[in-house]
Amino acid sequence: MSARACIFGCEGLRLTSWERQFFADAEPWGFILFARNVDDPDQVRALTSDLRASVGRGAPVFIDQEGGRVARLSKPHWTEWIPPLDQVRRVDTETAERAMRLRYSLIASELRALGIDANCVPMLDVAFDNTHPIIRNRCLGDDPGMVALLGRVVADSLLDGGVLPVMKHLPGHGRARKDSHEELPVVDADIDTLSTVDFVPFRRLSDLPIGMTAHVLYPSIDAGACATLSSRVIRMIRGQIGFSGLLMTDDLSMKALNGDPARDAEAALAAGCDIALHCNGDRNEMTDVAASVPELGGAAGARAKRALRLRRQFEPNDLPAADTVREQAYADACNG
């Protein structure tokens with residue numbers, strides 16, 4: 001079945017009649033959920049099922065479930081976590097690895113029970129003393145080697161649980177001192193510094209199936225466009241970093257881009273991104289984005305197919321009962 005090179009959000013807890021028809025016509029490759037789309041397990045399961053039914057195929061459903069400040073699923077129905085950096089920074093390496101394995105095994109199991117099969121982690125940005133608070137305690141560490149090590153644990157734990165990992169934010173958001181949700185950050189580090197520090201975790205995990213770009217300007221690479229819209233940065237992601245997987249944009253409705261989402265979607269794909277991500281559920285913006293992106297094919301389509309082959313397909317009645325999810329994930333993580 002055909003799909004367009006975009007991922008869309010939706011407005012609320014259930015699809016409107018307009019959304020059902022729009023998604024059927026627009027045929028986005030996938031969907032993404034936010035806290036506005038979440039109430040209880042039965043409601044989320046119904047929503048993910050309806051999203052897939054709207055396009056008539058097993059479209060991937062994404063979420064940002066890092067744990068800590070960025071968690072779309074929270075109590076009383078789902079496990080709550082402290083921020084990743086706070087969990088790993090005061091323990092030895094072996095303990096940190098075990099903690100991340102258990103954490104993301106549990107998260108994967110909770111997601112699969114809801115029909116969610118892609119999670120926008122690991123975050124491979126390296127933390128610095130002056131990293132903006134919107135990023136800092138979401139990081140896995142301040143040493144690139146440790147970030148890479150723990151990032152691999154996170155990714156493997158998700159894949160073992162049937163959930164696709166999405167590494168972010170390529171080629172590195174850790175030096176940013178501004179919040180890209182609100183304005184465009186500028187990272188002035190020279191290319192040698194970026195290559196020997198910031199790029200390291202991404203290079204070591206360049207085999208992962210999906211990556212997400214940063215809405216960050218790197219003047220030492222391209223002074224005229226942020227990473228998401230820069231063919232120079234995308235070439236570096238593909239070449240120097242060596243990432244060969246599916247490359248999706250960060251959310252095109254973020255203010256760092258300060259432009260028209262449809263125009264930015266077109267520019268991002270022209271620069272070398274494979275998929276345009278649009279999250280806010282605004283019908284006018286989604287309509288324009290859908291009209292601006294092509295059908296997913298060629299090299300991008302092949303990368304998308306490779307990514308989907310790594311997830312377990314959903315079969316009728318394969319979702320576990322909600323009250324068994326945490327117990328099974330805990331047992332699996334401890335036995336692993």
Side-chain angles (χ1 to χ4, degrees), residues 32-35 37-48 60-124 137-141 146-168 205 208-210 212 310-315 317-336:
I32 188 165
L33 300 185
F34 284 81
N37 308 122
V38 172
D39 183 14
D40 59 50
D42 288 341
Q43 172 269 320
V44 179
R45 278 191 287 270
L47 179 58
T48 59
V61 178
F62 293 76
I63 199 167
D64 291 279
Q65 189 68 6
E66 299 172 7
R69 287 189 301 106
V70 177
R72 314 309 184 194
L73 308 172
S74 57
K75 63 182 183 182
H77 300 293
W78 299 282
T79 308
E80 289 207 350
W81 305 92
I82 62 174
L85 188 63
D86 296 341
Q87 186 169 15
V88 304
R89 65 186 307 180
R90 295 185 178 89
V91 298
D92 59 63
T93 300
E94 183 177 354
T95 303
E97 288 184 79
R98 185 174 179 80
M100 290 296 101
R101 184 174 298 108
L102 175 58
R103 178 186 182 115
Y104 288 98
S105 294
L106 283 163
I107 287 174
S109 191
E110 290 182 339
L111 296 182
R112 285 289 302 191
L114 300 172
I116 299 169
D117 55 3
N119 191 9
C120 297
V121 294
M123 203 173 84
L124 299 182
N137 70 356
R138 298 162 56 195
C139 296
L140 293 170
M146 179 61 74
V147 173
L149 176 67
L150 296 180
R152 179 66 70 183
V153 171
V154 171
D156 287 349
S157 299
L158 291 174
L159 284 167
D160 288 346
V163 174
L164 292 172
V166 179
M167 67 174 181
K168 60 188 185 186
L205 275 73
L208 290 187
I210 308 177
M212 177 187 290
L310 293 177
R311 66 171 188 175
R312 292 201 309 267
Q313 291 295 313
F314 284 103
E315 300 294 342
N317 303 316
D318 83 331
L319 298 182
D323 60 356
T324 69
V325 170
R326 293 174 187 164
E327 291 85 348
Q328 184 60 53
Y330 182 82
D332 290 346
C334 290
N335 291 335

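Just so we're clear, the structure is a prediction, and the values are computed from it rather than from any experiment. Just so you know, these numbers use all the heavy atoms, side chains as well, and skip hydrogens, waters and symmetry mates. Start at 1 with the first residue, then count along the sequence.
The CZ atom of Arg98 lies 16.0 Å from the CZ atom of Arg103; values are rounded to the nearest 0.5 Å. Atom-to-atom distance recorded for Ile107:CD1 and Arg112:CZ is 15.5 Å, nearest 0.5 angstrom. Rounded to the nearest 0.5 angstrom, Leu124 CG and Leu150 CG are separated by 10.0 Å. Between the CZ atom in Arg72 and the CZ atom in Phe34 there is a gap of 5.0 Å [rounded to 0.5 Å]. For the atom pair Arg89 CZ and Asn137 CG, the distance stands at 9.0 Å (nearest 0.5 Å).
Nearest heavy-atom pair, Asn37 versus Gln43, reported as atom, atom and distance to 0.1 Å: O-NE2, 2.9 Å. Between Ala155 and Leu208, the shortest heavy-atom distance links the atoms CB-CD2, 3.7 Å. The heavy-atom pair separating Ala99 from Gln87 by the smallest distance is CB-NE2, 3.7 Å. Shown here for Val163 and Ala108, the closest heavy-atom pair between the two residues is CG2-O, 3.8 Å.
Looking at Asn119 and Leu111, their side chains come closer than 4.5 Å, going by heavy atoms from C-beta outward. A 4.5 Å side-chain heavy-atom check between Tyr104 and Ser109 finds every atom pair outside the cut-off. Using a 4.5 Å heavy-atom threshold, the side chains of Val38 and His77 count as separate. Under the 4.5 Å side-chain criterion, counting only non-hydrogen atoms from C-beta, Pro122 is in contact with Pro165. A 4.5 Å side-chain heavy-atom check between Ile32 and Ile63 finds every atom pair outside the cut-off. Between Val70 and Arg138, some side-chain heavy-atom pair lies under the 4.5 Å cut-off. Side-chain contact between Trp81 and Leu106: present, with at least one pair of heavy atoms (C-beta onward) separated by less than 4.5 Å. For the pair Val166/Phe62, a side-chain contact is recorded, criterion being any heavy-atom separation below 4.5 Å from C-beta on.
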Requested in this report: Could you walk me through whether Leu140 and Met123 pass side chain to side chain contact (heavy atoms under 4.5 Å, CB included), step by step?
Outcome: CA-CA 7 Å; Leu140 293 170; Met123 203 173 84; 5.9 Å; no
Report task. With side chain to side chain contact (heavy atoms under 4.5 Å, CB included) as the test, would you mind laying out the steps for Ile210 and Met167 before giving the verdict? Result -> CA-CA 7 Å; Ile210 308 177; Met167 67 174 181; over 6 Å; no
**Report entry** Worked check of side chain to side chain contact (heavy atoms under 4.5 Å, CB included) between Met146 and Thr93
**Finding:** CA-CA 8 Å; Met146 179 61 74; Thr93 300; 3.2 Å; yes
**Report entry** Intermediate values then yes/no, side chain to side chain contact (heavy atoms under 4.5 Å, CB included), Ile116 and Val44
**Finding:** CA-CA 9 Å; Ile116 299 169; Val44 179; 4.2 Å; yes
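Annotation: side-chain hydrogen bond (donor to acceptor under 3.5 Å, both in side chains) contacts involving residues 149-168, sequence neighbours excluded, comprise Asp64-Lys168, Glu66-Lys168, Arg152-Asp207.
When atom types are taken as modelled, the side chain of Ser105 and the backbone of Arg101 share a donor-acceptor pair closer than 3.5 angstrom. Using modelled atom types, one side-chain atom of Glu80 and one backbone atom of Lys75 make a donor-acceptor pair closer than 3.5 Å. Although no hydrogens or angles enter the test, the distance criterion places a donor-acceptor pair under 3.5 Å between the side chain of Thr48 and the main chain of Leu114. Under a 3.5 Å cut-off, the side chain of Asp117 and the backbone N or O of Val61 do form a donor-acceptor pair. Put simply, the side chain of Arg45 gets close to the backbone of Ala113: a donor and an acceptor are under 3.5 Å apart.
In this view, Asp39 satisfies the side-chain hydrogen bond (donor to acceptor under 3.5 Å, both in side chains) rule with no residue, not counting sequence neighbours. Glu97 is linked by a side-chain hydrogen bond (donor to acceptor under 3.5 Å, both in side chains) to nothing, counting only residues two or more places apart in sequence or in another chain.
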